[in-house]
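Presented below is the structure to which this report refers.
Lettering follows sequence order; numbering is per chain, from 1.
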Amino acid sequence: MIAALAWRNIWRQPIRTALSMVGMGFAAMLLVFMLSFEFGSYDTIKTGMLRISDGFGQIQPKGYKDDPAIDKVIEEPTALMADLAGVGAVTASSARDMAFVLLARGNLSFAAAVTGIDPVQENRITVVSSYVKQGRALRAGDRDAIILGDGLARNLGVKLGDRITLLGSARDGSVAADVLRLVGIFKSNIPEMDRQVAQIPLARFNETFQMNGAVNTVALSGRTLRDITAASGRLRRIAARHGLVYLDWAQLQPAIKQGIALDLSTAMTMYATLIFVVVFIILNTLYMSVLERTREFGVLLAIGMKPRQIGRMVWMEIIFLSLVGTGIGVVLGMILTGWFQVHGISFQGLQEVYAQFGLPSRIYPHMTPFRVLFGPLVMLAAVVLLAVIPYRRVLGLKPVSAMGAGG
Amino acid sequence: MSGTLHSFIQLAWRNMWRNPRRTLITLVVVSAGLWSILFFNAFLNAWMQSSKDATLKLLIGSGQIHAREYMDNPNIKTVMAPPGARLRAALERPEIAAWSARLVLPGVIQSEYKTRPVNIAGVDPATERRLSSIPAKIVRGRYLNGVDDDGVVLGLHMAKRLKTGLGRRVILMSQNADGTVSEQSFTVVGLFDANQKTEDFYVFTGRAADQRFLHLNAEISEIAFAVPNDADLDPVLTRLRAAAPQLDVRSWRQLSTYLAATDSMMRGVIYIWLAVVFSMMAIGIVNTQLMAVFERLHEFGLLRALGMTPRRVLMMVSLESLFLIGVGCLVGMALAALTIWGLRGGIDLSAFAKGLELVQGGQVLFPKFDLASFVVFPLLIWLLGILVALWPASRAAKASPVEAMRHAT
Amino acid sequence: MRKMWHDGKFATADLRQGQEWGRHAILKAALGISVLGLTGILGTAPLQAQTARQILKSAFDNWRADSSYAVTTMTVRRARGTRKMTFKSWTKGTSKALVRFIAPARDAGNATLQLGAATYVYNPKLNQVIKLPASAMSQSWMGSDFSYNDLARSQKVVDDYRQKLLATKRIGGRTVYVIEAIPKKGKPIVWGKQILWVRRDGVLVKVEYYDQLGKRVRAMSADKIGRIGGRPYPVVMTMRRDDRPGTFTRITTTKARFNIKIPAYMFTQSNLQNPRN
């Protein structure tokens, strides 16, 4: 019965109710947006960095990550990639070979890491082709083409069309030697990449380094990083079936993981403070409205209601108010965030800079049940718990003095 | 008229204190709201600065000076002479908190088990300590003693990969000034723990020891400098370029375009945060004000019935809000200033970092006092508070007294 | 490995090594004097040190003979299988060496030239001579357990280490000296120590390489000692890394001639690319 009374009370003072609900609703809406945005921005950063060359995940021979050697191979890449194709989350997989070689032209020779790639598949996983500033990226059908980072090209003193010598160790240890033609020069603005990395067609690498169809790693990508992360269990099992290991994004780029985690800890401090202040303000408002109703409570006391019952009624009013307000706020928050989730938020001045790295210049908030509900629930819980303060005030009321209180 | 104004002021003031609780609550809400806006602004800017600093303070600094060809091709042929009198004078200016001359060239480090390519950095530990955070990140052994120290300081991860450790010998090899390859054994005197990338790419030794190793005299490869105040950076760069037109002077933004991009993004994120915080606080203040005014509709009706004109009712409400919000703003500003001043020693987040099993040596944030925000935000809140109170008041004031009085609580 | 062998003696009066010999001779003379002078005071310890060094010196002096020519088969065993390559090699003094592969067909024609501190490689498919940058010197040579460095610097254990005779054993009816060599202070040597087994007739029986904490990293042992080029010789030597069990590189010398005349043009880049023989 008290509950029913509480419910009706809320609607007796529509303006006051509306104000309180708007307050909480607005805060809830913003919290939904903020958390989704925060984590969404992390996703954007991760995705951007992984698309530079690692891919969203990789399958490698055991021990390859710590000590990449050309004779650590995946013997049956086709079978592996067929299995990967069966995983819905995976939209592309690309086999790669890698070796440390000497690239030489004339008298100059420099150590470099050369990767053998399949251009068609690679383009669905990395943005390296967008880094090519002179000439062109590798494409299907290339036989003896090579592309280099601009630092490496400068060191070797080569220009498009020049022939470049490659000398290294093949898979069986014998000498791998080849001559390739420079078709493109890329600039990633990452010095290590620009000074040490070269790419040649996978078929050529296979031939020159006696790979016999084996490859060193298989990188994969999906529509979103989240999809791949969700499928990591399956991917690990597939890797294990082939006697290989699966490395997820955190293992491929531990620095990003550390950076994000540190960022998150700071952000949490902020959210905590924010919720604290918001709750504080909301409570004050609710308290104020309770104060304004002192005379009303006095009447209720006079007609026989117990202070505790009135107190419970007030508490229930606060609960209902908070639930409805927060609920509406969450729904509105989801609509607002949903719109940005599709369209993204762009920052002017970022476009050109990010374009250099092939990173997306729009940030997309992304909702998950956790991100949507966490903030509002904490706020709700805090308000409902702290409502004990107006409750206590009501308990202390005496009929006569209450009725005589001013408005 | 001034007499009326005077009496209105008195009326307004007395009105405020007729209902102390309501007044107090409004004051609390306004000051808490403004405090949080100002504090968050300082906090977020400190956060952005700290993230940037963490990376810049490792090795980049605010900017660096090289010989013209070094950045394209870092090798022994592209070193430069130590700074001359003009450049030195430009570097000794107060805006530059510290500068350090280094010899950084690519080479190879070898242990019993492994050989790895690496950048060999010959530094002056005294100036490095003021510029870089690496000397403070030593976890085993010690940092270098002086420019003649021919020990080597490695990253933890590098030591692990090489399977070497403190007190053991490693060999450094690099192309020297005579065109041949210098090869020398160095004892590992210290291990530092920064991030994997720095640890994998840099080893440190004394600058003079490095110059001897490479058969150089006093040549260096770069000068890194720190300009703590962002606003000073561009003028400093201009002055340095003028003092050394034959050299290549770059800011950190040009040295690490990736960091510059992330920095811009963080700036954007901060604007969003501030907008959100401001909206939340504004709504809270709006809420309080509206509620206060709606409670008083009955009272306004009474005043109208007693003969007060609508305009006068409005004026009274305005004056009340002026005082109330104004005082709230002042208190909020005072509290914010106090908090920022109290935390100027730095907020250490390593407690959180540990709790989340994170990165070593968490971030320390240094909130700074920003005059612009202390003027703009209070002004905005103040105006907002007054306007918001006026809206329902004007409606009530215009309505007939009888209707207004019917708005009994 | 080629070795010059002189019956039973440490002295190497026949060596025409110029400066090196001169230096060694003076050193030997100086040591001889000091031994005489110190014997009474310090007893046998300095005598042992001197003896150890001389043993080693003669073994290595003889190793890098005045000149040599050899035909060698190198067997590299890895987890995946075994590879066998055959090469011819010429050396002159300690700073010139030419190695040319003749079998199997895939590897034939590949050649390495060491000229002082510089190392050049030639590949017939490229038809180009490439100078190895210093950073590549520690990389594996032709996929074996030897690096380019190993090929180039074999004398260090005599000059840059301090030697101590650990024991004298009798193995297979022969006297074998066990010598511990520790790098001298300040030398650019990464090993903690080497332990070498040298037979009395100068044949190197075994070399062990240890890290600075005393853990063995790799070992080279003579699996078969025979006679070649007119002298006792470790005809089959095997190098094994301790952290890679089941793998090894084996050098089998099938033909060798020592102290022969080698024309100057042999050790040039043009000869590397276009062999005249």
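Most heavy-atom pairs under 4.5 Å with chain C, from the set A:Leu167, A:Leu108, A:Asp71: that is A:Leu167.
Summarising the geometry, atom CD1 belonging to C:Ile262 is positioned 6.0 Å from atom OG1 belonging to C:Thr91; distances are rounded to the nearest 0.5 Å.
For a residue to count as touching a neighbouring chain, one of its non-hydrogen atoms must lie under 4.5 Å from one of that chain's; by this rule C:Lys131 touches chain A with the backbone only.
For C:Thr268, the side-chain hydrogen bond (donor to acceptor under 3.5 Å, both in side chains) test picks out C:Ser270, with sequence neighbours left out. Every salt bridge (charged side-chain N to carboxylate O under 4.0 Å, His left out) that C:Arg218 has, sequence neighbours left out, goes to C:Asp150. Remark: A:Glu75 pairs with A:Arg171 by the salt bridge (charged side-chain N to carboxylate O under 4.0 Å, His left out) rule, at least two apart or across chains.
Ion pairing between a basic and an acidic side chain is recognised when a charged N comes within 4.0 Å of a carboxylate O; C:Arg241 and C:Asp145 show no such pairing.
By the 30° and 60° cut-offs, the orientation of the rings of C:Trp141 relative to C:Phe87 is perpendicular.
Aromatic ring centres of C:Tyr209 and C:Trp191 lie closer together than 6.0 Å.
Against chain C, the residues from residues 175-185 of chain A that qualify, each with a non-hydrogen atom under 4.5 angstrom away, are A:Val175, A:Ala177, A:Asp178, A:Val179 in number order.
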